[in-house]
Structures are given as C-alpha cells and as structure tokens.
Amino acid sequence: MIDLENLTIEKAHEALTKRQFSCVDLAEAYLKVIKEKNTEINAYLEVYDDVILQAKAADKRLAEGSATLMTGIPVAVKDNILITGRVVSSGSKILENYKGTYDATVIKKLKDAGAVFLGRTNMDEFAMGVSTENSAFGVTKNPYDTKRVPGGSSGGSTAAIAMNGALVALGTDTGGSCRQPASFCGVVGLKPTYGSVSRHGLTAMGSSLDVVGSIAKNVSDVEILFNSIKGEDKMDSTSREFLHKKEIAGKPTIGIPHDFIKEGVDKRVLDNFEKVIKKLKSAGFIIKDVELPYVKYSVPAYYIVTPAEISANLARFDGIRYGYAAPAGNLLEVYKKSRGKGFGKEVRRRIMLGTYVLSHGYHDAYYDKANAVRKLIVHDYEKAFKKVDVILTPTTTGPAFKIGEKVNDPVKMYLEDIFTGSANMAGLPAISIPSGFIEEEGKKLPLGVQFMAPHGGEGILFEIGKKFESIFKDGP
Ligand code: GLN
C-alpha cells in the first residue's frame with residue numbers, strides 16, 4: 001500500500017527509482033481513491049481512460065534511465081487548460097464537448113517531463129467564482145465537510161489534492177483561484193508572477209491577470225511543479241524568464257498590512273493570524289507594519305477590469321467558431337441563442353458588466369479609472385517591498401462556507417477576493433499555506449495564510465514557505 005496521505009514528489013521519485021513501486025502502481029493507487037471518493041466530492045469532471053497507458057510509458061522512461069523528477073507523477077488538470085484531443089469545457093455548457101486542438105505550453109512541458117495526467121477537474125464556469133457553484137456540471141464538495149464549498153474557481157483541483165486524488169494539480173488564478181480554494185481545502189496554492197508561466201493554451205478570462213498556478217499538499221511539491229512549467233514562451237508575448245532571487249540578506253522581514261486586515265474578517269481568522277505572527281516572531285522573523293492604502297480598492301477595481309477583459313475574451317464563443325451552436329433561423333439568432341443558453345448566469349453578468357464599462361461614454365468613467373487605481377495598487381506594493389521581503393495576510397476572511405450560503409449574493413462572492421485580488425492586479429507572486437484548523441459543527445475546517453513577494457520572488461516564497469511549514473507542523 002502506498003501511503004498517499006504523506007507522499008511527496010521527492011519521496012515518490014525515490015521509490016520509483018528504487019523500484020519500490022512502479023508508475024502503474026502509483027497511478028492505480030490514485031485511481032482507486034478517485035473511484036471511492038469522486039462520486040461524492042465531484043473533484044474530477046473526467047478521469048482519462050488512458051492513465052495506465054501513460055503510466056506504462058513513464059515506467060519505460062524510468063527503465064531507460066531518462067526519467068525526470070516529474071516522470072510518473074500523477075497530475076490533475078483544471079478544465080480550462082488545453083490538451084490535444086481531450087475535452088476541455090472550462091466548466092461551461094458552451095464548451096461541453098469541445099476538444100483541445102493543441103497542448104497548452106504547461107501541458108507540453110509536463111508531457112516532456114513524463115508526468116501522468118489523471119483527469120480534468122471541476123471549476124467555476126470560465127474561472128469566474130469562488131466556490132465551484134458556478135460550474136455547469138455541479139458543485140464540488142469540500143473533502144473536510146461535504147456540506148461546504150471547496151472554494152474556487154480551481155475548487156476541483158484543490159479538492160482532488162485534499163482527498164488524495166492526485167499528487168499535484170494545475171490551477172489558474174486571476175483573482176485568487178488557486179489560493180482561496182487551497183486555503184479552504186487545507187493545501188498549498190501558488191499564484192506565480194504574471195508572465196512567469198506561459199498562458200498559451202489556457203482559456204482566457206482576464207488576460208492581464210490570468211496565470212497558471214500550482215497546487216499540492218506542501219510547498220516543496222508546488223516548487224517542483226512551478227519549476228517544471230515556468231519560463232519564457234514564444235507563444236505568449238507576456239511571458240518571460242524572471243530571475244528567481246533566492247537569498248535574503250540577513251533575517252527575512254515580513255510586512256503586515258494591519259489596517260487592511262481588520263474589517264469584515266471572521267474573529268477566528270484574526271486569532272489564528274495573530275498566533276501565526278507571534279510564532280513567526282519567536283522563530284526569529286522580523287515583523288514590520290506596512291501600509292497599503294489603496295489595496296482596499298482592489299476588489300472594486302478588479303470587478304471593472306476583469307469583466308471588461310472577459311467581455312472581449314468571451315466574444316469568440318458565438319455558436320459559430322467554438323462549441324455549442326443553437327439551431328436558429330439567422331446569424332443574429334444563432335449568436336443570441338448559443339450564448340444565452342450556453343453561458344451560465346455569472347458569466348452573462350460579467351459579459352454585460354464588461355460590455356457596459358467599455359462602451360462609449362463609460363470607458364473613461366469606469367475602465368480608465370479602474371486602471372488608474374490599479375497603478376496606485378502597484379505603487380503601494382513597490383513602496384512596501386522597499387521595507388520588507390514579503391507581505392503576510394490571511395488568505396480568506398473565513399473558513400469554507402456552506403454550499404448555497406452565498407449563491408444569491410454576488411457581492412459577497414466578490415468580497416471573497418479581498419486578500420487575494422491585489423496580487424493579480426499588481427502581477428505579484430503569492431502563495432497560500434495552511435495555518436491550522438478551526439472546528440465548526442464537529443468538523444475540522446482548514447485556514448490559510450498568504451505570503452506575497454516582489455515580481456520574480458517565487459524563490460523567496462518557497463524558502464519562507466518551507467520554514468513556515470516546519471514551524472507550523474503542529475498548528476499555530
Ligand atoms: N473570484 C474571482 C472571480 O470570480 C477570481 C477568480 C479567479 O481567480 N479565476 O473573478
């Protein structure tokens with residue numbers, strides 16, 4: 001029996017190299033868990049039918065001596081990342097039967113490294129949401145309490161990791177979609193620097209904010225996955241190679257934006273956060289107050305900028321070029337019916353908002369103004385990072401909420417991004433790491449904290465993240 005609960009990429013690699021188990025054994029172990037748990041959890045929308053074949057190919061590579069750290073490692077893939085010949089629906093009816101016509105760059109890199117793709121994971125439609133309740137294919141349940149959401153939009157990927165249904169997972173993060181569900185599911189989620197991982201082959205949501213993120217049980221696995229997918233790509237003009245600065249001169253300094261953290265946060269989250277700070281102090285970290293006066297405007301600005309980009313990006317789903325085509329008498333009717341039936345409520349809301357804020361006469365009042373605020377947010381962080389190495393906040397304002405609790409209140413949903421959205425607005429790398437549990441109705445519910453670093457500072461996040469994990473082995 002392989003101990004999936006405590007498995008890491010390095011441990012798996014060592015066991016595979018020593019032939020303690022094979023890639024096929026490992027894949028079978030995960031498939032067994034998925035079979036047992038997925039009907040209830042709904043983390044996967046599809047488990048691929050060729051997993052064992054992929055694992056056999058990985059075993060062959062091991063035997064030939066050409067294996068990498070990722071060879072044979074079972075990966076779950078969010079349903080908005082293209083793989084040739086496989087369905088990629090972005091959680092939407094409009095793309096229900098759409099198949100990828102090429103491999104996303106991140107997929108190509110993982111294929112080259114010999115990874116094994118287990119299946120595609122559930123998500124909020126076109127990555128809009130914080131709970132996976134906006135998926136056209138049913139909600140994913142939180143493995144810690146199945147009455148609760150796993151977070152979103154990469155909720156399927158984080159639930160897959162939490163239920164031991166994959167060793168690592170790919171997610172995407174436009175305003176928090178790797179970090180918020182990671183926090184709700186007690187796993188680690190990385191949103192890398194904007195541009196550090198190619199977006200080629202990712203279904204676009206907000207192109208100036210989208211990134212492909214890495215999800216796993218621990219920081220070291222997230223680091224390995226990130227290192228296998230990062231890098232400049234000629235297919236994505238915004239991608240580039242960042243200098244991943246690792247060394248911090250002297251003791252790492254952690255900035256806390258206290259003023260920003262008080263409002264609307266669950267008391268238990270605040271208590272957990274204070275304990276985290278205390279423990280970090282006693283472990284020798286230097287804690288400093290930082291001010292981020294404009295960051296509180298990141299949610300309102302984000303919900304202007306992203307709908308605008310969404311309305312432009314989703315114009316291509318018109319019933320002619322991609323996916324679902326409604327039968328209709330003329331071209332305009334095809335557009336209207338295909339989009340009306342194919343898109344869910346939240347997606348339609350964003351398209352309408354976005355079209356409005358870009359329309360003549362409102363462009364200056366909304367879109368340009370939101371972009372001006374975005375610059376102020378960038379400036380806030382630039383100033384803060386002159387004083388500190390990283391910035392620490394809770395990842396979310398509370399633990400996982402109940403399924404249905406917020407579905408009729410989009411603003412409550414949007415406010416879930418309060419701590420995460422600004423890293424996307426400023427393009428910064430950020431990571432969510434588990435910081436303990438609270439108990440509610442007899443269930444343990446995970447909490448998480450978020451570290452943010454300057455552009456290209458993933459190395460700092462990994463270094464501090466690993467120290468953090470070792471200090472918090474037994475909780476705060
Ligand atoms: N919650 C945010 C939204 O709904 C972010 C989603 C994401 O990061 N993909 O837009």
Side-chain angles (χ1 to χ4, degrees), residues 78-81 90-92 121-135 139-140 149-158 169-185 189-194 197 199 202-215 298-314 343-354 357 370 374 395-398 400-401 406-407 409-432 448 450 452:
K78 189 175 177 179
D79 188 30
N80 58 351
I81 301 173
S90 281
S92 182
T121 56
N122 199 14
M123 56 182 280
D124 286 297
E125 185 175 7
F126 286 104
M128 299 171 207
V130 285
S131 63
T132 77
E133 288 165 294
N134 295 336
S135 166
V139 66
T140 296
V149 301
S153 63
S154 315
S157 286
T158 56
L170 291 175
T172 61
D173 194 314
T174 305
S177 277
C178 282
R179 292 159 287 158
Q180 184 259 13
S183 175
F184 279 9
C185 289
L190 170 76
K191 174 239 174 273
T193 308
Y194 179 77
V197 178
R199 287 180 292 116
L202 159 68
T203 312
M205 176 185 163
S207 304
S208 74
L209 305 105
D210 294 341
V211 281
V212 179
S214 302
I215 296 161
S298 65
V299 168
Y302 172 93
Y303 281 94
I304 300 288
V305 173
T306 34
E309 295 187 10
I310 286 164
S311 80
N313 275 330
L314 270 57
F343 289 139
K345 205 170 161 187
E346 182 58 28
V347 172
R348 280 180 278 138
R349 183 176 3 249
R350 303 259 184 131
I351 291 172
M352 284 194 275
L353 274 171
V357 302
R374 190 170 179 179
T395 308
T396 58
T397 55
F401 50 89
K406 300 190 183 184
V407 273
D409 194 339
V411 173
K412 269 197 186 144
M413 293 283 198
Y414 298 169
L415 281 169
E416 276 292 305
D417 304 340
I418 189 81
F419 295 132
T420 51
S422 61
N424 301 74
M425 293 293 267
L428 303 171
I431 194 167
S432 176
Q450 169 185 240
M452 286 178 270

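In listed order, ligands and their atoms are each counted from 1. These numbers come from the heavy atoms of this one structure, side chains and all, not from hydrogens, waters or symmetry mates.
- Looking only at distances, no side-chain donor or acceptor of T121 sits under 3.5 Å from a matching main-chain atom of G156.
- Here the closest non-hydrogen pair linking V305 and S208 is CG1-OG, 4.3 Å.
- Side-chain atoms of E309 never come within 3.5 Å of backbone atoms of M205 as a donor-acceptor pair (strictly under, hydrogens ignored).
- Listed by chain and residue number, the protein contacts of ligand 1 are A127, M128, G129, V130, S153, D173, T174, G175, G176, S177, M205, Y302, Y303, R350, D417 (heavy atom within 4.0 angstrom).
- Residues P181 and P150 fail the side-chain proximity criterion, which asks for heavy atoms closer than 4.5 Å.
- No donor-acceptor pair closer than 3.5 Å links the side chain of D210 to the backbone N or O of D173.
- Side chains of L314 and F343 form a contact here, defined as non-hydrogen atoms less than 4.5 Å apart.
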